[in-house]
**Q** 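Please see the structure below; I have some questions.
Scope of the values below: all heavy atoms of this structure, side chains included, with no hydrogens, waters or symmetry mates. Letters A, B, ... mirror the listed sequences (proteins, then strands); counts begin at 1.
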Number of protein chains: 2
Amino acid sequence: MSEAGVTKINAARRSVHYRPGESIFHQHDQPHGIYCLESGHLLLRHFDTFGEQTNFQVVKYGETLGWRSLFAERPHAATAIALSRCDVCFVPGWVIKECIDSEPALAHAFLKTVARDRGPYEALMLRSPRLPVRVRFIYLLLYLRSRCANLSRSGMLVYDLLLQRRDIASMIGIRSETLSRVIHGLEKEKLARFKGRQIVVPDPEKLFGLIGIKLPEND
Amino acid sequence: MSEAGVTKINAARRSVHYRPGESIFHQHDQPHGIYCLESGHLLLRHFDTFGEQTNFQVVKYGETLGWRSLFAERPHAATAIALSRCDVCFVPGWVIKECIDSEPALAHAFLKTVARDRGPYEALMLRSPRLPVRVRFIYLLLYLRSRCANLSRSGMLVYDLLLQRRDIASMIGIRSETLSRVIHGLEKEKLARFKGRQIVVPDPEKLFGLIGIKLPEND
DNA sequence: CGTACCGTTGAGGTGAGTCAAAGTAAGTGG
DNA sequence: CCACTTACTTTGACTCACCTCAACGGTACG
């Protein structure tokens with residue numbers, strides 16, 4: 001990206017701090033620009049026409065959000081909620097558009113980003129009714145690996161989920177009671193340990209092998 | 001779009017005819033360009049890692065497909081199968097890219113299209129495990145309305161689905177036996193009539209009212 | 001030390017899957 | 001045009017995974 005563009009964006013952007021539970025934008029809001037998460041974690045939550053809520057994405061610092069609605073020229077399809085203390089940088093939509101117009105390479109980059117983003121598509125695998133909940137939960141752990149987990153020296157995966165049970169359950173379309181039972185099952189089989197909002201997976205290969213996934217992939 | 005661009009595209013494009021059952025491109029194929037369906041209907045089918053198939057979209061003549069994978073620079077995420085006799089026009093990817101580079105307005109148009117396309121997102125509503133299958137099926141009818149249905153003079157919706165039961169069932173993640181029972185139920189309640197691959201909905205308002213949807217929307 | 005809220009556990013119900021078989025439509029070959 | 005095969009659809013009986021409801025235990029917070 002050109003220096004002029006960077007200067008322009010730096011001039012227009014502004015940063016806001018959010019505390020856990022506060023929302024950055026709401027479903028049905030008109031989009032005004034793009035948000036870049038500088039620190040902390042966010043949750044994207046969707047309310048369907050029945051009033052049921054579905055969490056479909058955890059956003060980690062360094063990621064951007066809001067561009068889908070901006071480019072689609074449609075209201076936000078989800079509400080973004082801070083899971084922890086967050087610094088969010090906002091760039092107005094008109095700046096983005098000006099930059100795209102002056103730099104074709106940027107247009108390609110955004111096209112690629114938007115096309116690659118599966119958005120709520122993630123949910124397809126996570127929520128497929130044909131898969132038993134245990135499998136869906138393991139998929140969720142796989143999905144959250146890059147966002148909420150660290151690999152310890154001994155090869156264990158350590159998740160620091162900032163979500164409570166009901167929110168985790170909502171990601172895979174089940175009830176928190178059912179999640180409790182799944183967790184209990186995994187714990188009993190020594191596949192994972194759960195203490196509060198922390199999850200430890202002693203042998204990731206084994207766990208993800210259960211659903212036919214080999215790890216090296218960095219999706 | 002400029003005349004020069006149109007000329008360039010016309011020079012590069014080529015049309016191919018397909019018969020029912022033939023596929024236009026396969027999942028995992030590298031994308032080479034964009035396809036425009038000039039006549040007929042297509043089905044987009046996805047195979048997941050378990051070998052289960054999911055149909056997630058019916059494409060009607062006039063619509064284009066394949067651009068998501070092209071812009072994402074990733075293999076096709078689905079297989080496109082002809083449901084009827086189809087004429088498909090192919091435009092190579094490099095032509096599209098050249099046109100975008102020379103016309104910023106086209107870049108915005110594509111950004112909008114890609115951002116709006118929910119792709120397999122449609123599936124989220126159609127496949128949500130929390131919704132009973134009857135509701136999901138009515139959602140499916142709502143979704144297929146613009147693609148496979150006509151409104152008769154008397155206000156009845158007449159669907160000409162080119163799909164067999166198992167393929168319909170696959171769109172909402174259920175088994176064909178279950179679909180049979182759902183159909184039977186709707187038939188008994190006079191909400192719809194099913195003869196072979198044709199569906200007649202005598203009172204669309206009533207049917208879609210069941211899932212809390214008012215019709216006028218043209219999504 | 002209470003009040004909430006969150007999480008777990010248990011009992012019971014049920015919607016949808018599975019399996020098997022019958023019924024129906026669509027091809028195929030004589 | 002009619003037997004024959006093959007594929008699709010429906011029906012029934014059964015099972016089970018998950019939901020629901022309800023009660024209980026933990027933990028956070030004032």
**Q** Taking 4.0 angstrom as the limit, do A:Arg193 and A:Glu187 come out as a salt bridge?
**A**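 Result for this pair is no, no salt bridge flagged.
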
**Q** Search all heavy atoms of A:Gly173 against all heavy atoms of B:Arg130 and return the closest pair with its distance.
**A**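 Of all heavy-atom pairs spanning A:Gly173 and B:Arg130, the closest is O-CG, 3.7 Å.
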
**Q** With respect to the side chain of A:Arg197, which nucleotide from C:dG17, C:dG7, D:dT20 is positioned closest?
**A**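 Selected nucleotide (nearest to the side chain): C:dG7.
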
**Q** C:dC6 C1' sits how many Å from A:Asp167 CG, rounded?
**A**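 Roughly 11 Å, once rounded to whole Å.
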
**Q** Specify whether A:Tyr35 and A:Phe90 have parallel, tilted or perpendicular ring planes, treating 30° as the upper limit for parallel and 60° as the lower limit for perpendicular.
**A**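 Correct class here is tilted.
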
**Q** Just how far, in rounded Å, is C1' of D:dT10 from CG of B:Leu186?
**A**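 After rounding, the gap between these two atoms is 15 Å.
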
**Q** Is A:Arg181 touching bases, backbone alone, or none of the nucleic acid, heavy atoms closer than 4.0 Å?
**A**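 Base, at least one base atom sits under 4.0 Å.
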
**Q** In whole Å, what is the span from the CZ atom of A:Phe194 to the P atom of C:dT8?
**A**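 A:Phe194 atom CZ is separated from C:dT8 atom P by 9 Å.
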
**Q** Where the side chain of B:Gln164 is concerned, which of D:dT11, C:dT8, D:dT9 is the nearest nucleotide?
**A**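 My answer, after comparing the listed nucleotides, is D:dT9.
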
**Q** Parallel, tilted or perpendicular: which describes the rings of A:Phe25 and A:His76, with under 30° parallel and over 60° perpendicular?
**A**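 A:Phe25 vs A:His76 ring planes: parallel.
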
**Q** Phosphate oxygens OP1/OP2 of D:dT9: is one of them under 4.0 Å from a side-chain N or O of B:Arg166?
**A**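 So the side chain of B:Arg166 is outside the cut-off, no N or O lying under 4.0 Å from OP1 or OP2 of D:dT9.
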
**Q** Any side-chain N or O of A:Arg175 less than 4.0 Å from the OP1 or OP2 oxygen of D:dC18?
**A**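 No.
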
**Q** Just compare D:dT10, D:dC18, C:dT8 and give me whichever is closest to any side-chain atom of A:Pro132.
**A**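 For A:Pro132, the side-chain atoms sit closest to D:dC18.
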
**Q** Given atom CG of A:Leu131 and atom P of C:dA16, what is their separation to the nearest angstrom?
**A**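 A:Leu131 atom CG is separated from C:dA16 atom P by 17 Å.
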
**Q** Give the rounded distance in Å between these two atoms: CG of A:Leu179 and C1' of D:dT20.
**A**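 The answer, rounded to whole Å, is 16 Å.
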
**Q** Should B:His184 be listed as having a side-chain N or O under 4.0 Å from OP1 or OP2 of D:dT11?
**A**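 Answer yes for this pair, as a side-chain N or O of B:His184 is under 4.0 Å from OP1 or OP2.
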
**Q** Expressed in angstrom and rounded to an integer, what is the separation of B:Arg165 atom CZ from C:dA25 atom C1'?
**A**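 My rounded result for the distance is 12 Å.
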
**Q** Nearest-Å distance, CD (A:Glu177) to P (C:dT8)?
**A**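 Atom CD in A:Glu177 sits about 11 Å away from atom P in C:dT8.
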
**Q** Looking at A:Asp167 and A:Arg45, is there a salt bridge between them, counting it only when a charged N and a carboxylate O are closer than 4.0 Å?
**A**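 A salt bridge is present here (some side-chain N lies under 4.0 Å from a carboxylate O).
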
**Q** Starting from P on C:dG15, measure out to CZ on B:Arg130 and report it in whole angstrom.
**A**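 In whole Å, C:dG15 P lies 17 Å from B:Arg130 CZ.
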
**Q** Do any side-chain nitrogens or oxygens of A:Ser180 fall under 4.0 Å of OP1 or OP2 in C:dG7?
**A**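 For C:dG7, OP1/OP2 do not have a side-chain N/O of A:Ser180 under 4.0 Å.
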
